[in-house]
Number of protein chains: 2
Amino acid sequence: MTVPLDTEPTPTRGKRPKQGEPVIDRALSLLAVFSDRRRALTLSELARHAGMPAPTALRLIARLVAWGALERLDDGRYVVGVRLWEVASLSPRGHGVREIALPYLEDLFEVTRHHVLLAVRDNEEAVLIERLSSKDATEVAYRVGGRAPLRSTAVGLVLLAGADQQFQEATLRKPPENEPGVESMPEGQLRRTLSDVRRTGIAMIRRSHPSKTVSVASPVFDAQGSVVAALSIVVPDGSTPPNVLAPAVRATARAVSRNLGHLAEVSPDVRTHSEG
Amino acid sequence: MTVPLDTEPTPTRGKRPKQGEPVIDRALSLLAVFSDRRRALTLSELARHAGMPAPTALRLIARLVAWGALERLDDGRYVVGVRLWEVASLSPRGHGVREIALPYLEDLFEVTRHHVLLAVRDNEEAVLIERLSSKDATEVAYRVGGRAPLRSTAVGLVLLAGADQQFQEATLRKPPENEPGVESMPEGQLRRTLSDVRRTGIAMIRRSHPSKTVSVASPVFDAQGSVVAALSIVVPDGSTPPNVLAPAVRATARAVSRNLGHLAEVSPDVRTHSEG
DNA sequence: CAGCGTTCTTTCATTGGTTGGAATAGTATT
DNA sequence: AATACTATTCCAACCAATGAAAGAACGCTG
């Protein structure tokens with residue numbers, strides 16, 4: 001009788017050593033691979049950086065491309081798609097404040113001809129929403145869509161000073177991470193600084209890193225009185241003195257706040273006494 | 001003998017009448033619910049518009065919120081998040097061209113003080129990437145992030161004229177959908193118009209809908225010579241004549257094209273004869 | 001303040017969409 | 001021609017995803 005060949009009855013196909021995370025998280029982690037330095041990526045690069053096998057990445061990417069979250073270039077690489085940009089433009093804290101603030105940012109820019117920045121806070125960092133720069137302006141560290149630390153930038157200090165108490169305490173307790181070009185503040189001084197920012201509506205920081213600059217920032221409030229954004233101007237150190245810039249920055253920030261419903265007229269039923 | 005009670009032995013739990021589409025498609029369809037008119041939505045609104053049960057929507061939304069694609073407001077509603085906006089800002093055809101073009105758009109805007117638009121094509125529509133408008137400018141139909149038809153807008157005609165032959169033919173064969181304020185062009189005239197646009201680098205359209213305006217658009221080319229965007233100016237009908245605007249629009253579009261690598265200097269090895 | 005409708009959230013048995021190793025095809029480099 | 005890498009197709013196993021049901025939490029009304 002023929003001895004049955006010792007062929008493995010269970011083909012190794014389909015053996016899944018370990019299962020991963022939810023599908024959406026994987027898809028989003030693919031999107032997260034893109035960055036300022038990585039704007040166009042191949043399949044294998046995406047798979048590698050997102051930590052998943054190529055076939056899995058390909059399948060997910062195919063869905064994202066079909067929807068328009070990603071687009072495929074002629075050379076086979078993938079980039080972030082216009083459809084995603086379109087949905088993202090509905091982000092109230094992204095394009096939303098930007099749209100309202102832009103005319104006033106432009107006014108400030110026209111008058112000063114220096115960098116004008118608008119930023120919001122996302123968790124423990126500031127995200128740059130808009131930046132106006134003349135072609136011949138000094139170098140500046142951050143780009144639109146990029147992130148900046150809260151503790152060592154003018155907009156960051158404004159956003160931190162305007163954050164809820166709980167978040168501020170958590171941030172203050174964390175060890176300050178050193179950034180090149182700015183000396184990190186000890187906790188006590190930082191507390192005093194934040195208090196000053198709240199009182200004066202102005203934050204000021206000197207940097208030396210990409211170039212020697214002075215930044216002056218001021219908070220933007222919404223209708224509820226929360227700090228939703230920070231507006232700043234960045235000038236070469238030694239040019240216009242900060243105390244000259246401060247009023248212009250504050251006035252611009254107030255103008256934006258007003259358009260967001262802050263300082264709005266009171267509701268009709270309590271508008272005047274004569275109506276009672 | 002006791003007749004066994006007709007209790008269903010299979011608890012109705014877990015009965016899944018029909019299975020839906022892939023998870024990612026569902027998640028993306030949730031994002032797609034957001035629009036200009038719907039910037040903040042409740043769970044049930046999202047579930048309803050995306051066509052899925054509330055629990056499913058909630059589970060997906062939870063993931064999206066955890067990543068930052070969505071954010072939850074104090075009142076429980078959801079909005080598009082800054083994190084998504086941040087990734088989207090890496091879109092070459094979205095924020096990419098916008099960033100390069102903005103200074104030149106501003107120049108044109110400063111000189112003319114009229115609406116200046118920048119748009120790219122996404123499938124069968126134009127997507128508005130940037131719009132500069134003075135506060136007192138005439139009303140204009142489209143907002144940044146919004147979509148406009150190809151056949152009845154100046155930027156649309158430019159993008160259509162610059163599209164690949166195959167796409168153009170497919171579009172021309174489709175019946176023209178009437179838009180208010182512009183008379184739709186018969187196919188023959190449209191063909192001639194597109195040809196003219198290609199030859200002259202200018203498209204012109206008169207509208208009457210939101211207000212009486214004239215739009216003049218010109219193509220923006222990339223390094224490969226493809227039309228990647230369209231730049232236009234919108235003025236009140238009867239003000240500056242189109243033939244006066246055309247050179248300024250063309251010049252601005254060429255300036256942007258040049259910065260995208262179009263019309264770049266030839267490669268070093270064939271730069272001059274004197275080197276041979 | 002009970003009653004009612006709506007929205008939000010948690011639970012859980014079921015199962016079909018998801019998975020990734022292997023094989024194949026395609027492309028660039030040596 | 002060989003090597004190395006990337007992209008794509010295939011498919012059986014299986015676990016993450018699913019949604020009815022029930023409960024919790026509001027908001028509104030009489």
Side-chain angles (χ1 to χ4, degrees), chain A residues 6-31 33-34 38-67 69-79 81, chain B residues 6-34 38-67 69-79:
Chain A
D6 197 19
T7 58
E8 54 270 274
T10 58
T12 338
R13 282 289 186 82
K15 210 198 83 188
R16 186 168 17 170
K18 69 157 204 264
Q19 195 81 8
E21 30 176 358
V23 206
I24 303 190
D25 289 16
R26 293 174 165 230
L28 292 173
S29 77
L30 282 170
L31 292 184
V33 173
F34 290 90
R38 308 178 184 284
R39 290 174 186 242
L41 296 161
T42 65
L43 169 63
S44 44
E45 284 172 330
L46 278 163
R48 199 168 27 253
H49 288 106
M52 63 180 79
T56 301
L58 181 63
R59 202 166 355 97
L60 301 183
I61 290 170
R63 298 247 94 78
L64 294 171
V65 169
W67 188 79
L70 298 181
E71 292 173 6
R72 190 159 201 195
L73 301 179
D74 294 334
D75 62 6
R77 291 183 304 168
Y78 298 92
V79 295
Chain B
D6 198 19
T7 58
E8 52 271 274
T10 56
T12 340
R13 281 291 183 80
K15 209 200 83 189
R16 184 169 19 172
K18 68 155 203 267
Q19 194 82 8
E21 28 175 0
V23 205
I24 303 190
D25 290 15
R26 292 173 166 229
L28 293 173
S29 77
L30 282 170
L31 292 183
V33 173
F34 290 90
R38 308 178 184 283
R39 289 173 187 246
L41 297 159
T42 66
L43 169 63
S44 45
E45 286 172 329
L46 278 163
R48 198 166 30 251
H49 287 106
M52 65 180 80
T56 300
L58 180 64
R59 200 164 358 96
L60 301 182
I61 289 170
R63 297 248 91 80
L64 294 171
V65 170
W67 189 80
L70 297 181
E71 291 172 7
R72 190 160 202 195
L73 301 178
D74 293 335
D75 62 7
R77 291 183 303 167
Y78 298 92
V79 295

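Model, not experiment: these values are computed from the prediction. Chain A is the first sequence line, chain B the second, and so forth, proteins listed ahead of strands; every chain is numbered from 1.
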Query - With Arg48(B) via side-chain hydrogen bond (donor to acceptor under 3.5 Å, both in side chains) - residues at least two apart - result: none
Considering only heavy atoms from C-beta outward, does the side chain of [X] approach that of [Y] to under 4.5 Å?
X: His49(A); Y: Arg38(A); value: yes
X: Tyr78(A); Y: Leu64(A); value: no
X: Leu30(A); Y: Met52(A); value: yes

Round to the nearest Å and state the distance from [X] atom [atom1] to [N] atom [atom2].
X: Ile61(B); N: dC8(C); atom1: CD1; atom2: C1'; value: 11 Å
X: Leu58(B); N: dT18(D); atom1: CG; atom2: C1'; value: 13 Å
X: Leu60(A); N: dG17(C); atom1: CG; atom2: P; value: 15 Å
X: Ile24(A); N: dT18(C); atom1: CD1; atom2: P; value: 10 Å
X: Tyr78(A); N: dA7(D); atom1: OH; atom2: P; value: 8 Å
X: Leu30(A); N: dT19(C); atom1: CG; atom2: P; value: 11 Å
X: Asp74(B); N: dC26(D); atom1: CG; atom2: C1'; value: 17 Å

Query raised in the report: Looking at Arg59(A), does any N or O in its side chain come under 4.0 Å of the phosphate oxygens OP1/OP2 on dT18(C)?
Result: no
Query raised in the report: Side-chain N or O of Thr56(B) less than 4.0 angstrom from OP1 or OP2 on dG19(D)?
Result: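 So the side chain of Thr56(B) is within the cut-off, an N or O lying under 4.0 Å from OP1 or OP2 of dG19(D).
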Query raised in the report: So, for Ile24(B) and Ala27(A), which heavy atoms are closest and what is the spacing to 0.1 Å?
Result: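 The answer is CD1-CB, 3.8 Å.
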Report summary line: Shortest non-hydrogen pair, Ala47(B) vs Ala57(B), comes out as CB-CB, 3.7 Å
Report summary line: Here the salt bridge (charged side-chain N to carboxylate O under 4.0 Å, His left out) pairs for residues 56-67 of chain B, sequence neighbours left out, are Asp25(A)-Arg63(B)
**Report entry** Proximal nucleotide (of dT18(D), dC8(C), dT18(C)) relative to the Pro22(B) side chain
**Finding:**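 It is dT18(C).
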**Report entry** Divergence of helical axes at both termini of the helix from dC1(C)-dG30(D) to dT30(C)-dA1(D) - five pairs an end, 10° steps
**Finding:**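 Inter-axis angle at the termini of the helix from dC1(C)-dG30(D) to dT30(C)-dA1(D): 50°.
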**Report entry** side-chain contact (heavy atoms from CB on, under 4.5 Å) against Ala62(B), all qualifying residues, sequence neighbours excluded
**Finding:** none
Query raised in the report: Which residues pass the side-chain contact (heavy atoms from CB on, under 4.5 Å) test with Arg77(A), sequence neighbours left out?
Result: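 Here the qualifying residues are Ala40(A), Thr42(A), Leu73(A), Asp75(A).
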**Report entry** Pairwise 5' ranking along DNA chain D for Pro55(B) and Arg63(B), keeping only the more 5' one
**Finding:**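 By nearest-heavy-atom nucleotide position, the 5'-most residue is Arg63(B).
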Report task. Please work out which residues in residues 39-54 of chain A have a non-hydrogen atom less than 4.0 Å from an atom of DNA chain C and list them by number. Result -> Pro53(A)
